[in-house]
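Convention: sequence-line order gives letters A, B, ...; per-chain numbering from 1. Computed from a prediction, not measured in an experiment: that's the story for all the values here.
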Amino acid sequence: MASLDTTPADFIRERVQADQATSAFGGRVHTRFPPEPNGYLHIGHAKSICLNFGLAEQFGGRCYLRFDDTNPETEDIEYVDAIIEDVGWLGFTPEGEPRYASDYFSQLYEWAEQLIVAGRAYVDDQDAETISAQRGGFGKPGVESPHRTRTPEENLGLFRQMRDGGFPDSAKVLRAKIDMQADNMQLRDPVLYRIRRVPHVRTGDTWIIYPTYDWAHGQSDAIEGITHSICTLEFADHRALYDWCLEQLTLPSHKPEQIEFARLNLTHTVTSKRKLKALVTERIVDGWDDPRMPTLRGMRRRGYPAAAIRAFMNRVGVAKTNSTVEIELLESFVRAELNTTALRRMAVIDPLRVVITNWPDGQVVMVEAQNNPEDPATGTRSIPFTGELWIERDDFMLEPAPKYYRLSPGREVRLRAGFFITATDVVLDDDGNVTEVWCVYDPETLGGQAPDGRKVKATIHWVSAAHAVDATVHLYERLFTDPPPGSDGTDELSSLNPASRQTLAAKLEPALGDRLEPGQVVQFERLGYFAADLDEPTVFHRTVGLRDEWANIQKRKA
RNA sequence: UCCCGGGUAGUUCAAUUGGCAGAACACUGGACUUUGAAUCCAGCCGUUGCAGGUUCAAACCCUGCCCCGGGAGCCA
């Protein structure tokens with residue numbers, strides 16, 4: 001099994017180590033997790049969070065949470081709060097208060113004026129389409145804007161008018177004056193400021209011009225003293241621009257270095273904001289926190305322990321190879337964590353009635369069951385055993401298949417922590433379905449052990465019918481049937497799994513009638529791990545099933 | 001078409017930087033078992049994208065090619 005908390009080596013950690021060896025940043029390691037507050041965090045963000053905070057932890061540095069809130073059109077306070085909460089849930093504590101790129105708007109503006117004075121930026125009057133067309137194409141040089149030769153004085157005046165409301169939205173932009181011939185398209189005079197009369201979550205209507213990502217990000221890093229600015233691969237082409245911007249300024253500290261890594265993809269799900277949003281707005285799922293969603297909130301509701309997600313991130317490592325990790329790997333970490341921490345309980349999710357014909361009328365015997373065999377310190381509990389029980393429909397077969405060794409006519413099995421029973425008769429309905437199984441029990445086998453030493457091949461779980469607690473149980477399957485949804489070029493949503501959620505009426509042992517902690521995960525023995533709903537005490541979500549050898553046997557036969 | 005990045009087992013990553021390609025997950029078999037779970041043991045999985053070259057020795061260096069991803073927002 002995977003060890004849970006070893007920090008692997010990867011090219012970023014090697015870089016940091018090398019920087020420390022040469023004292024590149026005076027021995028400091030300072031990272032940041034910089035989400036834009038325009039959506040909920042998902043498993044992909046978790047990788048970045050674990051990387052940035054993990055690096056700071058490992059090297060005795062610090063890590064900030066910084067909101068990259070430079071585009072007021074898409075951002076909302078709702079997301080700010082959710083992100084802060086989710087980062088905490090994942091188990092990380094940002095250094096100090098959250099930071100905001102918008103805190104630096106004044107500084108960024110001042111630096112823009114310096115850039116203009118230095119003749120390195122100009123105001124362009126052309127519209128977006130024209131600018132885009134002039135940018136040229138891959139392998140085709142760009143065309144310089146007619147406004148590129150404006151004097152610094154003229155540019156400064158125009159830029160101030162932009163700031164002061166002298167022009168309508170989008171009428172003018174500030175552009176860096178770099179190189180319209182550059183092979184790297186990002187260097188063909190990128191836009192630095194745009195006019196948007198949209199109230200900003202934090203600065204309200206103080207500003208009507210907003211810096212773009214490229215003008216804000218590196219400088220924000222520099223202001224905060226970030227040493228290693230880690231981002232995903234699609235920003236690789238921006239690195240030259242990131243460096244260019246910083247080189248134009250006189251910085252208080254060392255220039256941060258941008259390092260790119262490959263984002264995480266998981267099989268059978270999607271992580272792009274657009275697609276996740278589609279799932280929510282088209283009501284395919286109940287919301288951003290639906291247990292089928294790969295959002296942090298969804299996984300929390302589903303019962304995934306934060307520790308399992310962290311361990312998983314350690315295992316998948318950090319590289320520049322585009323990769324799609326099997327969701328099974330994540331699940332194996334969830335099981336490993338839950339196996340040691342989750343209390344065992346009995347619950348029947350597809351009930352079949354068992355009547356024990358030789359059981360003394362009305363007798364109730366309390367049997368002792370371990371709370372978690374992996375952790376004896378969790379002790380035992382008493383469960384009522386009676387002559388009428390629920391067992392799993394799957395645990396009885398009228399005509400047992402080969403290698404099936406659960407209950408069937410004439411066969412003896414153990415009821416976990418209870419007694420041995422042998423099936424003697426069945427009650428059938430008009431369609432021939434089994435509605436009831438009659439059994440006899442062996443009173444000598446209390447606790448599940450036969451004094452004569454005879455063995456049974458199967459142990460099955462059960463719940464006393466008279467004591468059962470009713471509950472609703474949601475079973476989840478993959479959201480998408482295709483490993484990479486939409487890989488055949490079709491719309492991802494066409495490979496949606498119509499059976500991604502199945503809802504059943506379950507019978508629980510009485511101990512589960514007492515309110516669990518919201519979100520607490522227990523193991524329903526032989527079925528899997530189930531999380532108590534955050535709001536509804538009698539609703540459970542299956543976090544993940546147990547490994548199931550019987551299912552494998554059947555699959556192989558098919 | 002141009003620029004950048006990548007290609008090692010089914011998957012994700014290693015390989016002490018040129019020195020016997022190996023871990024985890026998955027899969028298969030066995031042991032154990034009051035969860036067909038967990039645990040333990042074993043096995044399977046490789047033309048290191050392809051073709052050349054350098055070298056005693058190449059996943060690693062050189063040349064050419066192929067394939068995949070990203071890049072022409074006033075998104076991030």
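Ring planes of A/F67 and A/Y100: parallel class, angle under 30° (limits at 30 and 60°). Ring geometry, A/W207 versus A/Y109: the interplanar angle falls from 30° to 60°, so the pair is classed tilted.
One can find a donor-acceptor pair under 3.5 Å joining the base of B/U35 and the side-chain atoms of A/Q523.
Atom C1' of B/U17 sits at a distance of 40 Å from the matching atom of B/C75, rounded to the whole Å. When the P atom is used for both B/C62 and B/U54, the distance is 15 Å, rounded to whole Å. When the P atom is compared between B/A42 and B/G71, the two are found 47 Å apart, to the nearest whole Å.
OP1 or OP2 of B/G36 has at least one side-chain nitrogen or oxygen of A/R526 nearer than 4.0 Å. Distances shown here put every side-chain N or O of A/T459 at or beyond 4.0 Å from the OP1 or OP2 atom of B/U33. Put simply, A/R335 has no side-chain N or O that comes within less than 4.0 Å of OP1 or OP2 on B/U35.
Contacts of A/R344 with the nucleic acid, taken as non-hydrogen atoms under 4.0 Å apart, include base atoms. Residue A/Y405 is in base contact, counting any heavy-atom pair closer than 4.0 Å across all strands shown. Among the protein residues, A/R175 comes within range of no part of the nucleic acid, since none of its heavy atoms lies under 4.0 Å from any strand. Residue A/H238 is classed as a base contact, given a heavy-atom separation below 4.0 Å to a base. Looking at heavy-atom distances under 4.0 Å, A/T70 makes contact with sugar-phosphate atoms alone, never a base. Using a 4.0 Å heavy-atom distance criterion, A/E260 is classed as making no nucleic acid contact. Base engagement by A/D237 is indicated by at least one non-hydrogen atom pair under 4.0 Å involving a base atom. Residue-level contact check: A/P373 touches the bases, meaning some heavy atom is under 4.0 Å from a base atom. At a threshold of 4.0 angstrom between heavy atoms, the contacts of A/R556 are confined to the sugar-phosphate backbone, with no base atom among them. Within the 4.0 angstrom heavy-atom criterion, no nucleotide atom of any strand lies near A/T267. Contacts of A/Y404 with the nucleic acid, taken as non-hydrogen atoms under 4.0 Å apart, include base atoms.
Between A/S323 and A/L446, the residue whose closest nucleotide on RNA chain B is further toward the 5' end is A/S323. Of the residues near RNA chain B, A/Y529 and A/N38, the one whose nearest nucleotide (by heavy atom distance) lies more toward the 5' end is A/Y529.
When the C1' atom of B/A76 is taken as reference, atom CD of A/E234 falls 9 Å away, rounded to whole Å. In this entry the distance linking CD of A/E36 with P of B/A76 reads 6 Å, nearest Å. In this structure, A/E549 atom CD and B/C32 atom C1' are separated by 15 Å, rounded to whole Å. Computed from coordinates, the A/F333 CZ to B/C13 P distance equals 13 Å when rounded to whole Å. Atoms CZ (A/R547) and P (B/A38) sit 5 Å apart, rounded to a whole Å. Atom pair A/F312:CZ and B/A24:C1' shows a separation of 12 Å (rounding to whole Å applied). To the nearest angstrom, C1' of B/C4 lies 12 Å from CG of A/L187. Atom CD1 of A/I553 is separated from atom P of B/C27 by 13 Å (rounded to the nearest Å).
Residue pairs meeting the side-chain hydrogen bond (donor to acceptor under 3.5 Å, both in side chains) criterion with at least one member in residues 187-196 of chain A, sequence neighbours excluded: A/E73-A/R196, A/Y122-A/D189, A/R148-A/D189, A/S170-A/R196. For residues 370-385 of chain A, the salt bridge (charged side-chain N to carboxylate O under 4.0 Å, His left out) pairs, not counting sequence neighbours, are A/R381-A/E509.
The aromatic ring of A/Y213 does not stack onto the base of B/A76, failing the criterion of a centre distance under 5.5 Å from the six-membered base ring together with planes under 30° apart.
Looking at A/N322 and A/R263, their side chains never bring a donor and an acceptor atom within 3.5 Å of each other. With no hydrogens or angles considered, a side-chain donor-acceptor pair links A/Q258 and A/E260 at under 3.5 Å. Using a 3.5 Å distance cut-off with no hydrogens or angles, the side chains of A/E368 and A/S382 do pair a donor with an acceptor. A/Y404 and A/Q554 are not linked by any side-chain donor-acceptor pair at a separation below 3.5 angstrom, with hydrogens and angles left out of the test.
In terms of the salt bridge (Lys or Arg N to Asp or Glu O under 4.0 Å) criterion, A/D548 has no residue partners (sequence neighbours excluded). When the salt bridge (Lys or Arg N to Asp or Glu O under 4.0 Å) test is applied to A/R454, the partners found at least two apart in sequence or on another chain are A/E412, A/D442, A/D452. Checked against salt bridge (Lys or Arg N to Asp or Glu O under 4.0 Å), A/R163 has no partners two or more places apart in sequence or in another chain. Shown here are the ring pair (Phe, Tyr, Trp, His ring centres under 6.0 Å) partners of A/Y210, two or more places apart in sequence or in another chain: A/F105, A/H200. Taking the side chain to side chain donor-acceptor pair (under 3.5 Å) definition, one finds that A/T130 meets it with A/D127, sequence neighbours left out.
Listed candidates were B/A76, B/A37, B/U28. Nearest to the side chain of A/N552 is B/U28. When distances run from any side-chain atom of A/A319 to the nucleotides B/A26, B/C13, B/C75, the shortest one goes to B/C13.
Annotation: proximity of residues 414-422 of chain A to RNA chain B (heavy atom, distance under 4.0 Å) is found for A/R414, A/R416, A/A417, numbered in ascending order.
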Contact letters for nucleotides 5-10 of chain B, in which S counts primed atoms plus P, OP1 and OP2 and B counts the base, heavy atoms under 4.0 Å: SSS--B
In dot-bracket notation, what is the pairing pattern of RNA chain B, taking Watson-Crick (N1-N3 plus N6-O4 or O6-N4) and G-U wobble (N1-O2 and O6-N3) contacts under 3.5 Å, with [ ] crossing and | for other strands? .((((((..((((.....[..)))).(((((.......))))).....(((((..]....))))))))))).....
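Put simply, the residue from A/I327, A/T481, A/T324 that forms a side-chain contact (heavy atoms from CB on, under 4.5 Å) with A/H268 is A/I327.
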List, with names and distances, any nitrogen or oxygen atoms from the protein found under 3.5 Å away from nitrogen or oxygen atoms belonging to nucleotides 17-23 of chain B.
unit_1: B/U17; atom_1: O4; unit_2: A/E14; atom_2: OE1; d: 3.3
unit_1: B/A23; atom_1: N3; unit_2: A/R315; atom_2: NH2; d: 3.0

Between N or O atoms, less than 3.5 Å apart, protein on one side and nucleotides 72-74 of chain B on the other: list the pairs.
unit_1: B/A72; atom_1: N3; unit_2: A/G136; atom_2: O; d: 3.3
unit_1: B/G73; atom_1: OP2; unit_2: A/S132; atom_2: OG; d: 2.9
unit_1: B/C74; atom_1: OP1; unit_2: A/R135; atom_2: NH2; d: 3.3
unit_1: B/C74; atom_1: OP2; unit_2: A/R135; atom_2: NH2; d: 2.7
unit_1: B/C74; atom_1: O2'; unit_2: A/R196; atom_2: NH2; d: 2.9
unit_1: B/C74; atom_1: O2; unit_2: A/R196; atom_2: NH1; d: 3.2
unit_1: B/C74; atom_1: O2; unit_2: A/R196; atom_2: NH2; d: 3.2
unit_1: B/C74; atom_1: N3; unit_2: A/S170; atom_2: O; d: 3.4
unit_1: B/C74; atom_1: N4; unit_2: A/Q126; atom_2: O; d: 2.9
unit_1: B/C74; atom_1: N4; unit_2: A/A128; atom_2: N; d: 3.4
unit_1: B/C74; atom_1: N4; unit_2: A/S170; atom_2: O; d: 3.3

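A salt bridge is defined here as a Lys NZ or Arg NE, NH1 or NH2 lying under 4.0 Å from an Asp or Glu carboxylate O, and A/R542 with A/E477 meets this definition. Contact check on A/R99 versus A/E224 returns no salt bridge, with no Lys/Arg side-chain nitrogen under 4.0 Å from an Asp/Glu carboxylate oxygen. Taking the charged nitrogens against the carboxylate oxygens, A/R556 and A/E549 do have a contact shorter than 4.0 Å, which makes a salt bridge.
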